[in-house]
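Please read the structure below before turning to the comments.
So you know, we letter chains A, B, ... as the sequences are listed, proteins then strands, and number each from 1.
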Amino acid sequence: MTVNDVAQFLVVVAALAVTVPLMGAYMARVYSGATSRLERVFRPVENLLYRVSGVDPESEQTWRGYVTSLLAFSAVSVLVLYGIQRLQEWLPLNPGHISAPSAPLAWNTAVSFVTNTNWQNYSGETAMSLFTQMTGLTVQNFVSAAVGIAVAVALIRALSRSRTATLGNFWVDLVRGTVRVLVPVASLAAIVLVAGGVIQNLDAPHLVHTVVGARQSLPGGAVASQEAIKELGTNGGGFFNANSAHPFENPSGFTNVFEIWLLLLIPFSLAWSFGVMVERRRQGIAILAAMALLWAGSVLPAMALEAHGNPLLGPGINQRASATVVGGNLTGKEVRFGAGPSALFNASATATSTGAVNSMSDSYTALGGGVLLVNMMLGEVSPGGVGSGLYGILILAILSVFIAGLMVGRTPEYLGKKVQAAEMKLIGLYILIVPACVLAATAISLSLPSVRASLLNHGAHGLTEMLYAFTSASNNNGSAFAGLNGNTTFLNTVLGVCMLIGRFALIVPVMAIAGSLGRKGRIPDSAGTLRTDTALFTTLLIGVTVIVVGLTYFPVVTLGPIVEHLVTHG
Amino acid sequence: MSTVSATRSGLHLEPALVRRASVEALHKLNPRTLVRNPVMFIVEVVTVLAAFFWLKGLSTHSSATNVFAGVTVAWLAVTVLFANFAEAVAEGRGRAQADALRRTRADTLARVRRDGAVVDTPSADLRVGDVCEVGPGEIIPGDGEIIEGIATVDESAITGESAPVIRESGGDRSAVTGGTRVLSDFIVVRITSNPGETFLDRMISLVEGASRQKTPNEIALDILLAGLSLVFVIVIVTLQPLAAYSHATQSIVVLVALFVCLIPTTIGALLSAIGIAGMDRLVQRNVLATSGRAVEAAGDCSTLLLDKTGTITFGNRRAVDIVPVGGADVTALAEAALWSSLSDETPEGRSIVELVHATYSLSDELPGDATLIPFSAHTRMSGVDVAGRQIRKGAGSAVTAWTESCGISTPTDLASVVESISADGGTPLVVADATRLLGVVHLKDVVKPGMAERFAQLRAMGIRTVMITGDNPLTARAIAGEAGVDDFLAEATPEDKMNLIRREQAGGHLVAMTGDGTNDAPALAQADVGVAMNSGTQAAKEAGNMVDLDSDPTKLIDIVEIGKQLLITRGSLTTFSITNDIAKFFAIVPAMFVTQFPALRALNVMRLSSPHSAILSAVIFNALIIVALIPLALRGVHFRAAGASSILRRNLLIYGLGGAIMPFVGIKLIDIVVTALGVR
């Protein structure tokens with residue numbers, strides 16, 4: 001790694017260290033119903049939304065009511081988004097006269113954006129009209145993020161309240177999260193991005209003559225606004241096919257670091273909010289520390305591996321960074337970022353369930369690509385997607401307490417709530433669903449010759465390409481390894497199913513756990529209680545995440561990235 | 001029950017027990033019984049599957065492959081047998097105790113009163129409500145309550161305690177247990193339980209494990225283990241197509257071997273043995289729990305209600321000092337106190353004699369004729385008339401009333417002495433004769449030695465102790481302070497006790513208590529762990545969820561520790577089982593694919609000699625570790641009273657980190673042996 005690589009990493013860490021407590025405290029206030037200094041702006045908007053939708057903002061829902069509202073809202077979202085795409089030819093704001101995507105592709109895209117995955121089996125600039133991008137995809141970028149946070153907040157309430165049947169109101173959480181957190185922060189971020197050179201217009205494609213005399217069509221669009229929420233909401237769906245590698249989305253080293261900070265902001269901050277909302281700040285810090293260590297533990301190796309260069313290039317080729325050489329494994333990477341910062345972006349994006357990329361993962365070194373894969377396999381908890389990262393790691397914390405808590409001679413409890421058979425059934429389901437989805441879909445796909453034909457490579461690398469796609473979809477990450485043509489009826493459909501399962505088949509048990517924990521009383525802490533706010537617990541949580549979740553994938557990772565790495569290194 | 005105690009002690013596995021457990025292990029292979037243990041049931045199913053494919057491939061595969069597959073299948077089967085063996089050993093130890101108990105359940109003839117006549121009836125035909133007569137030397141035919149008479153009873157068959165106890169009608173010592181023997185006197189007993197449902201019957205079925213039900217935490221853990229097993233079902237089932245894509249299709253035997261190594265077989269095999277052994281440890285200390293749930297709750301208890309008398313203090317007040325008042329001579333006071341106590345056979349009286357003997361050289365001969373004045377409720381004094389003197393002792397108000405009636409003014413310093421003794425938790429006993437008020441004997445509840453340390457340990461474990469006493473708040477506070485309990489409930493009525501339990505439970509605490517009287521029964525039932533004294537009433541025993549045969553209330557603390565130790569053992573072996581997987585992955589996965597991808601040799605960190613030996617070594621390790629851990633499962637993980645953080649750190653280091661590292665060593669050693677034996 002170069003000094004510049006390390007410096008950029010440290011800048012991101014420093015920016016987070018300053019902003020996470022502020023953002024965390026702010027979100028805790030938002031979801032506790034506190035008023036804000038901008039109440040005169042927020043309140044009328046919210047009241048209008050409540051009146052139009054007939055929601056009583058004072059009422060609370062049980063976990064069943066909460067999750068039913070959530071599922072209904074998401075189902076309608078999928079239908080509407082599907083409709084917008086299929087009808088875009090006849091809808092306004094289609095200066096490029098783009099025709100409707102096929103039914104399987106529209107299904108895949110609708111599910112992808114509603115589940116906060118943003119897997120894209122299309123090229124944004126050529127397949128979706130401005131109307132679809134703005135009223136369909138961007139709207140989902142906001143609300144799907146708000147849905148994720150809502151689930152996390154409901155789980156926090158279950159842990160912080162005693163003997164409660166209700167966990168808040170889904171509609172209120174959805175509205176407040178969108179109006180008070182996502183829209184204002186994304187607006188500010190969009191302005192910063194515009195200042196940094198990201199485009200923002202409603203223009204038809206510009207036709208230009210290139211220096212070599214060819215004609216090129218340069219599409220315009222509301223890119224900065226979509227870019228901001230793409231990162232802030234850990235969505236990742238690029239306006240352009242090249243995603244954050246495209247200079248209109250991510251023009252400079254500054255915007256690169258800014259976008260990395262933006263996509264990490266809410267997932268880390270929510271852990272802080274958790275500590276504030278359960279009135280035990282150290283509990284939040286212990287969770288935050290586990291997330292941060294897992295993140296640093298993947299980002300730094302990925303940066304080092306990519307900065308080190310490509311072993312397939314012979315000794316005659318200079319890959320060492322110097323004043324005149326960018327250095328590192330630059331295949332598929334942008335020279336304006338460099339190998340290290342590219343890996344910093346992609347590793348952070350895969351750790352946050354942001355499907356964004358600023359470089360092509362397919363051309364990473366075998367192990368570097370493997371790090372991106374493992375980031376997702378850990379279940380997106382380092383720090384994971386907005387909301388989903390926190391509820392994911394809280395479920396793992398409860399599992400850790402269950403396994404290790406017995407070792408202190410008490411039946412396990414987390415934050416004073418007993419963890420019993422009812423919760424373990426749901427947690428068992430939770431840890432089962434995603435690996436089942438990833439492994440079964442990958443195995444079936446690789447067994448079908450017609451699906452294998454979608455692969456660019458074969459052997460270990462081909463296995464990784466297929467594995468990556470289903471890992472990304474099932475964990476709602478959305479980043480593509482590339483090298484796989486996902487726009488086939490089979491893959492569109494199956495990837496869509498994986499995304500749905502990976503999102504809602506997890507949210508339902510999480511909410512059921514919240515319901516069950518909420519009903520329980522809180523056992524007061526004593527010297528006999530397993531403390532969950534210590535470095536020891538953070539270590540334990542990381543251990544459980546790596547061993548219980550991560551090791552599940554050891555055989556398949558061996559057949560993919562590990563074999564590829566060992567073979568290329570002779 | 002000396003025979004029982006002998007078999008209970010220690011962890012000695014007798015050859016007979018091992019033989020019997022080995023046979024049992026085979027019986028337990030029956031899928032219908034094994035299905036209660038989901039993890040081992042899956043292992044049995046996949047072993048049969050592997051055996052089928054091994055036999056099917058015999059004619060087509062090379063002999064080396066066939067030998068490898070055969071040996072692997074055999075070890076997989078051994079894994080199930082070892083798990084069954086662990087359970088059988090635990091049950092066998094319980095059964096040895098049950099057999100000894102059963103011997104005491106000899107059928108006797110009961111003399112039953114029916115329609116005004118006495119009829120001889122076999123004890124097996126007794127029904128609830130029957131009234132029997134039992135004379136000296138006879139065995140009490142069933143559990144019951146004395147409705148007439150008083151007798152000394154030898155309960156050693158149940159408690160192992162050889163000293164006879166007194167049982168009498170009415171009051172809190174009226175319950176008798178079937179199988180115990182009346183030594184003297186004659187009693188009439190009303191039978192309170194039907195044959196097959198007696199205390200002894202319940203004890204037998206409990207220690208045998210026959211009526212063993214899974215505890216809530218065991219069920220939750222079983223769910224987790226089943227969930228983890230299911231995850232690995234998916235991992236293994238999907239591995240074959242992925243391996244096929246990589247041109248490295250695996251044999252079913254190898255896939256099954258990997259599967260069995262990955263699922264948590266260690267804890268799956270030992271879980272029920274740990275539970276049975278926990279119950280067993282209680283029985284070893286002469287405590288019977290009505291369910292495993294109660295043992296688990298004991299580990300969770302965060303508030304202990306302890307009766308002052310008998311638990312914290314010896315129960316008898318002892319004289320610790322004498323204080324003269326009004327300028328009286330201390331020797332004169334000592335003499336008066338001695339004389340008034342010489343024929344006082346109460347523990348308090350004896351303690352005064354002991355104190356005076358130890359401090360003053362006075363003769364314990366009474367000078368001349370003495371008339372003993374017994375304590376009367378009217379005067380509230382006792383004493384002696386000797387050598388023309390009327391010596392009286394009693395409570396301050398009673399004695400001063402008497403002396404004032406004799407025309408003696410009360411010394412001005414009496415009030416302050418009495419007050420300071422009371423404030424210290426003591427009882428002042430004022431001594432006077434008809435001419436003068438001499439002074440005060442300081443009687444004190446003596447706290448048992450070592451209690452303060454015990455309570456400090458409990459505090460470190462996060463357990464709050466509350467002393468329950470009928471004393472006034474002043475005395476209670478002083479004793480609570482001396483004993484080092486966290487809180488006290490003074491002038492406690494049964495309702496107060498009940499309210500305290502409810503209040504603690506509403507605050508999220510689990511409460512443990514002991515009790516023996518009928519008026520304790522509601523509180524015993526309300527408490528999460530209610531330990532009834534065997535000497536107590538039937539009502540108390542029915543209400544609690546444990547019975548202490550020794551009737552030693554101090555044992556509540558042991559019970560909590562046993563509960564904690566049970567949970568710690570379960571958690572430690574679960575952690576061990578899970579962290580074991582790392583090494584097994586590194587043994588088996590490279591071995592599976594190294595033929596297709598020779599570069600995978602780099603992952604063979606243990607340098608195992610061949611793919612076959614690597615897989616086989618992991619399977620053998622997986623089976624042997626079960627046997628190796630049986631003693632630990634039965635004995636329980638070492639428990640030391642400490643805070644949760646230090647216990648966790650220690651156990652995580654031993655069972656977490658140790659569980660990750662140990663199999664690397666174990667598998668390597670087995671690989672050396674297996675290779676030497678010729679597995680290629």
For [X], does the [atom1] atom sit with more than 12 other heavy atoms under 6.0 Å from it, leaving out its own atoms?
{"X": "A:Arg452", "atom1": "CZ", "answer": "yes"}
{"X": "A:Lys520", "atom1": "NZ", "answer": "yes"}
{"X": "B:His509", "atom1": "NE2", "answer": "yes"}
{"X": "B:Arg454", "atom1": "CZ", "answer": "yes"}

Shortest non-hydrogen contact between [X] and [Y], atoms and distance:
{"X": "B:Ser645", "Y": "A:Leu536", "answer": "O-CD2, 4.2 Å"}
{"X": "A:Ser447", "Y": "B:Pro241", "answer": "OG-CB, 3.5 Å"}
{"X": "B:Gly571", "Y": "A:Leu406", "answer": "CA-CB, 3.5 Å"}
{"X": "A:Leu566", "Y": "B:Ala602", "answer": "CD2-CB, 3.8 Å"}
{"X": "B:Leu224", "Y": "A:Met424", "answer": "CD1-CE, 3.6 Å"}
{"X": "B:Ile568", "Y": "A:Met407", "answer": "CG1-O, 3.4 Å"}

Considering only heavy atoms, which portion of [X] lies under 4.5 Å from any heavy atom of chain A: side chain, backbone, both, or neither?
{"X": "B:Phe585", "result": "both"}
{"X": "B:Arg464", "result": "neither"}
{"X": "B:Ser246", "result": "side chain"}
{"X": "B:Ile463", "result": "neither"}
{"X": "B:Val235", "result": "both"}
{"X": "B:Ala226", "result": "neither"}
{"X": "B:Ala244", "result": "neither"}
{"X": "B:Leu567", "result": "both"}

For chain B, the option from [options] that forms the most heavy-atom pairs under 4.5 Å:
{"options": "A:Ala404, A:Ala436, A:Gly528", "answer": "A:Gly528"}
{"options": "A:Gly521, A:Gly560, A:Pro555, A:Pro524", "answer": "A:Pro524"}
{"options": "A:Leu530, A:Val548, A:Val556, A:Thr539", "answer": "A:Leu530"}
{"options": "A:Gly459, A:Ser162, A:Pro412, A:Ala422", "answer": "A:Gly459"}

Given a strict heavy-atom distance threshold of 4.5 Å, which part of [X] is in contact with chain B: side chain, backbone, both, or neither?
{"X": "A:Ile547", "value": "side chain"}
{"X": "A:Leu429", "value": "neither"}
{"X": "A:Tyr553", "value": "neither"}
{"X": "A:Val438", "value": "neither"}
{"X": "A:Ile562", "value": "side chain"}
{"X": "A:Leu399", "value": "side chain"}

Measuring from [X]:[atom1] to [Y]:[atom2], what's the distance to the nearest 0.5 Å?
{"X": "A:Glu413", "Y": "B:Asp300", "atom1": "CD", "atom2": "CG", "answer": "7.0 Å"}
{"X": "B:Tyr245", "Y": "A:Leu467", "atom1": "OH", "atom2": "CG", "answer": "11.0 Å"}
{"X": "A:Ser526", "Y": "B:Met461", "atom1": "OG", "atom2": "CE", "answer": "10.0 Å"}

(request) Kindly indicate, with the supporting measurements, whether the criterion side chain to side chain contact (heavy atoms under 4.5 Å, CB included) is fulfilled by A:Val563 and B:Gln596. (result) CA-CA 10 Å; A:Val563 159; B:Gln596 175 67 17; over 6 Å; no

I'd like to know which of [options] tops the heavy-atom pair count under 4.5 Å against chain A.
{"options": "B:Val589, B:Thr575, B:Leu648", "answer": "B:Leu648"}
{"options": "B:Gly643, B:Ala506, B:Gly507, B:Ala243", "answer": "B:Gly507"}
{"options": "B:Leu230, B:Thr574, B:Leu242", "answer": "B:Leu242"}

Heavy-atom distance under 4.5 Å between the side chains of [X] and [Y], does that happen here?
{"X": "B:Ile582", "Y": "A:Phe554", "value": "no"}
{"X": "A:Val544", "Y": "B:Ile578", "value": "no"}
{"X": "A:Thr442", "Y": "B:Thr238", "value": "no"}
{"X": "A:Thr558", "Y": "B:Met592", "value": "no"}
{"X": "A:Pro435", "Y": "B:Ile234", "value": "no"}
{"X": "A:Ile431", "Y": "B:Leu228", "value": "yes"}

(message) Does A:Leu559 form a side chain to side chain contact (heavy atoms under 4.5 Å, CB included) with B:Leu239? I'd like the steps, not just the answer.
(response) CA-CA 10 Å; A:Leu559 287 176; B:Leu239 186 55; 4.1 Å; yes

(request) State which residue, out of B:Asn217, B:Leu221, B:Thr215, B:Leu510, fulfils the side chain to side chain contact (heavy atoms under 4.5 Å, CB included) condition with A:Thr411. (result) B:Asn217

